Amino acid sequence: MGWIRESIESVKSMKIRESLFQIISLGMIVSSAFMIWKGLMCITGSESPVVVVLSESMEPGFQRGDILFLHMSKDPIRAGEIVVFNVKGRDIPIVHRVIEVHEHQRTDEVDILTKGDNNDVNDRMLYAQGQFWLKQQHIMGRAVGFLPYAGWATIIMTEKPIIKYVLIGLLGLLVITSKD
Amino acid sequence: MCAIASLSDNLNTPSPAAEIQILNINWFQKQPHGNDEVSLTLNITADLQSLFTWNTKQLFIFVAAEYDTPKNALNQVSLWDAIIPAKEFAKFSIHTSNKYRFIDQGHNLRGKEFNLTLHWHVMPKTGKMFADKIVMSGYRLPEEYR
């Protein structure tokens, strides 16, 4: 039991200044992560600059757990590009390839049709009811780069939230107990 | 390391070659709701071996018909695509009808001149994806439905 008393005493003997410092350094870690995210948003012009592939619809090019880097530029969308799009009534954006583009005269409006490389049919079934084409406003960005496997951590953490809390707890402990 | 692997792709200067012939117009008609649709038989010959580097996972290639109409400044309709998993499959010649439907937004396809474009998208093992194309022009659809 001696070591418990010892550690309680060591906690008691901690100075307020020291613990404040630790809280601030924890805050710095959180805020710099946030800054990196916001900075990426700024650079890429896409509201979600990095996405994790969740489905098998683009296999074998992209597998579950791969990370894609997105970029939203003013360049018009062209057939063959891999775009991330939102469909009304669906929470999760979809990453598929553009197979058809019809760009209207005069107005810059564009009709886009997509398909997953690993799917047999185009995406009309996935679009909202009665929607035949994607428009510019549905597109969140186009994929420009690719990092394999790096997204598995997020998939595991969203599907098994307990692991997330254990990890956060461990990190917190590490920050509090570390002496500089 | 991933960045270096990706950067090394820039050292490769590929020299791809391709040729596409339209062997037959299988049928050509106006759909009940007014859009033109055509079915083609194509012969696609290509040598894309030089696109492969040690950081290449696969090539995604597709053939698109590209044309303009009074309604649309640009139409790109993908007719056929394939995934090339390795360098030894990158030199090929294939005889195929269009895998995806060639439908116009409207009825502008009679006598229409169009390009056939072979696009390729290099999917890397890691890093930056890149894409390019070969445009082949001078194709024309028949003046009458058949």
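Bear in mind that the values here come from a model prediction, so they are computed numbers and not experimental data. Just so it is clear, the values below take in all heavy atoms, side chains as well, and ignore hydrogens, waters and symmetry mates.
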At a 4.5 Å cut-off on heavy atoms, which part of [X] comes close to chain A: side chain, backbone, both, or neither?
X	answer
B:M129	both
B:T117	neither
B:I103	backbone
B:P70	backbone
B:L74	both
B:Y100	side chain

Identify which part of [X] has an atom lying under 4.5 Å from any heavy atom of chain B, answering side chain, backbone, both or neither.
X	answer
A:P60	both
A:D66	side chain
A:L113	neither

Can you tell if the side chain of [X] reaches within under 4.5 Å of the side chain of [Y], non-hydrogen atoms only?
X	Y	result
B:N75	A:E103	no
B:F60	A:D117	yes
B:S78	A:E100	no
A:H104	B:Q105	yes
A:F146	B:K125	no

Take a 6.0 Å sphere around [atom1] of [X] and say whether it holds more than 12 heavy atoms from other residues, nucleotides or ligands.
X	atom1	answer
A:L170	CG	yes
B:Y145	OH	yes
A:L20	CG	yes
A:K38	NZ	no
A:R64	CZ	yes
B:F92	CZ	yes

Going through the checks in order, is the side chain to side chain contact (heavy atoms under 4.5 Å, CB included) test met by A:R78 and B:Q76? CA-CA 8 Å; A:R78 287 290 174 261; B:Q76 288 185 304; 3.4 Å; yes
Consider only side-chain heavy atoms of I, L, V, M, F, W and Y, link residues closer than 4.5 Å, and tell whether [X] and [Y] are in one cluster.
X	Y	answer
B:F62	B:F102	no
B:W80	B:V135	no
B:L42	B:I94	yes
A:L171	A:I29	no
A:L68	A:L134	no

Atom pair NZ/CD1 of B:K99 and A:I99 - distance to nearest 0.5 Å: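 Going from the NZ atom of B:K99 to the CD1 atom of A:I99 covers 9.5 Å.
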Rounded at 0.5 Å granularity, tell me how far NZ in B:K128 sits from CZ in A:F69.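 So the gap between those two atoms works out to 13.5 Å.
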Can you give the donor-acceptor pairs under 3.5 Å from side chains of residues 52-59 of chain A to other protein atoms, not counting sequence neighbours?
| unit_1 | atom_1 | unit_2 | atom_2 | d |
| --- | --- | --- | --- | --- |
| A:S55 | OG | A:S57 | N | 3.2 |
| A:S55 | OG | A:S57 | OG | 3.0 |
| A:S57 | OG | A:H96 | NE2 | 2.6 |

Looking only at side chains, do B:N72 and A:Q105 share a donor and an acceptor under 3.5 Å apart?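 There is no such pair (donor and acceptor under 3.5 Å, judged by atom type) between the side chains of B:N72 and A:Q105.
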Would A:H102 and B:K71 count as a side chain to side chain contact (heavy atoms under 4.5 Å, CB included) if you check the C-alpha gap in whole Å, the side-chain angles of each, and the deciding distance to 0.1 Å? CA-CA 9 Å; A:H102 298 278; B:K71 184 186 175 210; over 6 Å; no
